**Q** 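The following block contains the structure, expressed as structure tokens.
Every chain is numbered from 1, with letters handed out A, B, ... down the list of sequences. Note that the structure is a prediction, hence the values are computed from the model and not measured.
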Protein chains: 2
Amino acid sequence: MAARASSKTSESSDKVSVICRALRRAIIEQALEPGAKLPEDALGERFGVSRTIARHALGQLAAEGLVELRRNRIAVVATPSWQEARDAFDIRIELERLVVRQLAGKLTKAQIAELNAHVDAEDRARGGTDAVSIRLATEFHILLAHMTNSPILVRYVSEVAYRCCLTLSLYSRPHSTECAINEHRAIISALAKGDEAKVMDLMHHHLDSVANRALVAPTPQRGRDLLDILAPYADEVTSNRVVKLPKVARRG
Amino acid sequence: MAARASSKTSESSDKVSVICRALRRAIIEQALEPGAKLPEDALGERFGVSRTIARHALGQLAAEGLVELRRNRIAVVATPSWQEARDAFDIRIELERLVVRQLAGKLTKAQIAELNAHVDAEDRARGGTDAVSIRLATEFHILLAHMTNSPILVRYVSEVAYRCCLTLSLYSRPHSTECAINEHRAIISALAKGDEAKVMDLMHHHLDSVANRALVAPTPQRGRDLLDILAPYADEVTSNRVVKLPKVARRG
DNA sequence: GGACCCCAAACTGCATGCAATTGGAGCGCG
DNA sequence: CGCGCTCCAATTGCATGCAGTTTGGGGTCC
């Protein structure tokens with residue numbers, strides 16, 4: 001029996017949604033790197049809509065954590081800190097364990113075929129760019145989430161997976177995807193067998209190893225951003241904004 | 001040692017954010033029941049802003065799953081199906097287990113005092129309305145999430161907790177809160193002792209019992225909405241929208 | 001040469017206006 | 001009495017315009 005009946009997907013065909021999808025994809029394919037500026041005018045012009053719409057789209061992406069929005073400032077692609085990246089993976093592990101727990105032994109043959117077809121596509125894409133490989137790997141997990149037919153689970157898994165993609169741009173070494181593909185196959189097989197405990201374990205270790213390969217080391221200096229490094233030192237500042245560095249006459 | 005260093009909170013003081021907070025609170029206190037209409041004009045007028053801003057706020061709340069937005073239709077407070085409610089609780093259990101796992105044995109005395117103070121407040125509010133009790137109980141969980149200092153975890157726990165509040169309005173019998181308060185105290189105590197396994201179990205059963213008390217029964221007919229009941233029968237319709245019921249000449 | 005200041009360009013925050021869509025009241029018909 | 005039709009008020013979708021804020025570059029003074 002299929003895991004739940006099918007249901008309608010969210011995200012209609014608003015102009016806003018179209019822009020969101022486009023930007024999301026650009027971000028996870030790393031065409032837009034973390035920190036890239038996203039001025040409303042430019043987006044509006046590029047997508048043939050008014051600034052109002054572009055702005056709204058940015059708001060949605062900010063709600064998903066892919067974009068950072070600071071008042072009166074140009075929006076930028078989010079640059080999660082190393083710790084946030086680790087947190088995202090931790091959450092993702094729990095959510096995806098839940099996914100495979102719900103799915104174990106409940107997939108139709110058609111669904112299993114669909115999953116296998118997807119992994120085949122991942123395989124074929126191995127020659128291509130990293131960006132495409134990463135996107136396909138991510139979409140495998142989202143495909144799984146869809147099969148639970150729990151819209152909430154789909155949303156959260158998608159979001160957190162996208163965020164994890166983001167962190168790959170930041171902290172990953174050029175990575176090898178073959179093992180990930182094999183792990184995907186193992187997961188499908190365990191799902192088909194209905195071995196709940198095993199598939200949860202497989203998913204856990206799969207994501208953990210992806211995280212460990214991606215988030216190379218605590219390397220505190222790779223925080224990438226001066227502001228992150230200085231953040232702890234600015235705690236006593238009352239205002240929300242970091243104090244305007246006053247010329248730093250570095251007398252010791 | 002405190003669990004992580006402090007960090008700045010998100011959600012600035014935009015007009016949009018103000019409206020979001022107000023609506024969120026109105027929703028979780030059940031002043032706005034599921035299905036309640038939220039016309040942009042009315043909101044704008046009520047909050048003294050333009051429709052643009054109200055619209056943007058609705059977009060944010062829709063992204064959080066508290067509001068349903070259908071093209072060209074008045075926005076309404078979300079009415080999750082029974083299954084969605086159950087899914088939300090399942091996700092919530094996993095997320096909050098993660099919260100207490102990270103927190104066990106890592107809370108400062110000040111943090112423990114803060115938690116106790118909150119539960120005291122819950123206790124004092126027992127005489128008041130259900131709405132306030134529910135809000136306080138929810139805020140206890142969000143307070144816990146905050147102490148992890150993981151912004152992502154805070155966001156997801158908050159969202160899913162709010163969604164669970166929503167389902168209480170729909171499917172809950174007038175419920176008794178005392179036991180929940182005791183369970184909160186037990187969780188604090190186990191956190192202080194640092195008993196990771198135990199606190200995860202406590203949280204699990206706490207949320208599970210809340211869910212079971214709230215989601216009274218599968219009662220398939222309480223789906224509340226004709227569309228939900230008919231949804232499975234509309235699967236073969238190609239378009240996204242349900243076919244316009246053509247007068248249903250109910251010949252057998 | 002470098003620190004400081006000031007101003008214009010760029011950009012965001014928000015309100016308003018107009019066209020398109022909806023849904024419901026009213027009305028006619030079987 | 002119920003069903004279907006038409007039409008209009010209510011409402012959304014979106015673009016544009018204006019005001020306020022930030023940015024960054026050139027000129028000035030040390």
**Q** Ignoring hydrogens and geometry beyond distance, is the side chain of Arg51(A) in donor-acceptor contact with the base of dG13(C) at under 3.5 Å?
**A** yes
**Q** Can you figure out which of dC14(C), dT11(D), dT12(C) approaches the side chain of Lys15(B) most closely?
**A** dC14(C)
**Q** Take Gly48(A) and Asn72(A), find for each the nucleotide of DNA chain D with the closest heavy atom, and name the residue whose nucleotide sits nearer the 5' end.
**A** Gly48(A)
**Q** Quick check for you: among dC14(D), dT16(C), dT12(C), whose closest atom lies nearest to any side-chain atom of Asp14(A)?
**A** dC14(D)
**Q** Ignoring hydrogens and angles, tell me if any N or O in the side chain of Arg155(A) forms a donor-acceptor pair with the backbone of Ala63(B) under 3.5 Å.
**A** yes
**Q** Looking only at side-chain N and O atoms, does Arg71(B) come under 4.0 Å of OP1 or OP2 in dG13(D)?
**A** no
**Q** Just the rounded figure in Å: distance from P of dA15(D) to CD of Glu40(A).
**A** 13 Å
**Q** Apply side-chain contact (heavy atoms from CB on, under 4.5 Å) to residues Leu95(B) and Glu94(A) and explain how you reach the verdict.
**A** CA-CA 7 Å; Leu95(B) 290 179; Glu94(A) 299 304 325; 5.6 Å; no
**Q** Relative to the 5' end of DNA chain C, which residue comes earlier, Val49(B) or Lys37(B), by the nucleotide with the nearest heavy atom?
**A** Val49(B)
**Q** Just compare dG13(C), dA15(C), dT12(D) and give me whichever is closest to any side-chain atom of Arg55(A).
**A** dG13(C)
**Q** Side-chain contact, heavy-atom cut-off 4.5 Å: Asp87(A) with Thr148(B)?
**A** no
**Q** What's the CD1-P distance between Ile53(B) and dT12(C), to the nearest Å?
**A** 14 Å
**Q** If you define the side chain from C-beta out and look only at heavy atoms, does anything of Val77(A) sit under 4.5 Å from Leu166(A)?
**A** yes
**Q** To the side chain of Ser50(B), which of dT16(C), dA15(D), dT12(D) is closest?
**A** dT16(C)
**Q** Whole Å only: how far is the CG atom of Asp41(B) from the C1' atom of dA9(D)?
**A** 12 Å
**Q** If the cut-off is 4.0 Å, is Arg73(A) near the phosphate of dT23(D), judged by side-chain N/O to OP1 or OP2?
**A** yes
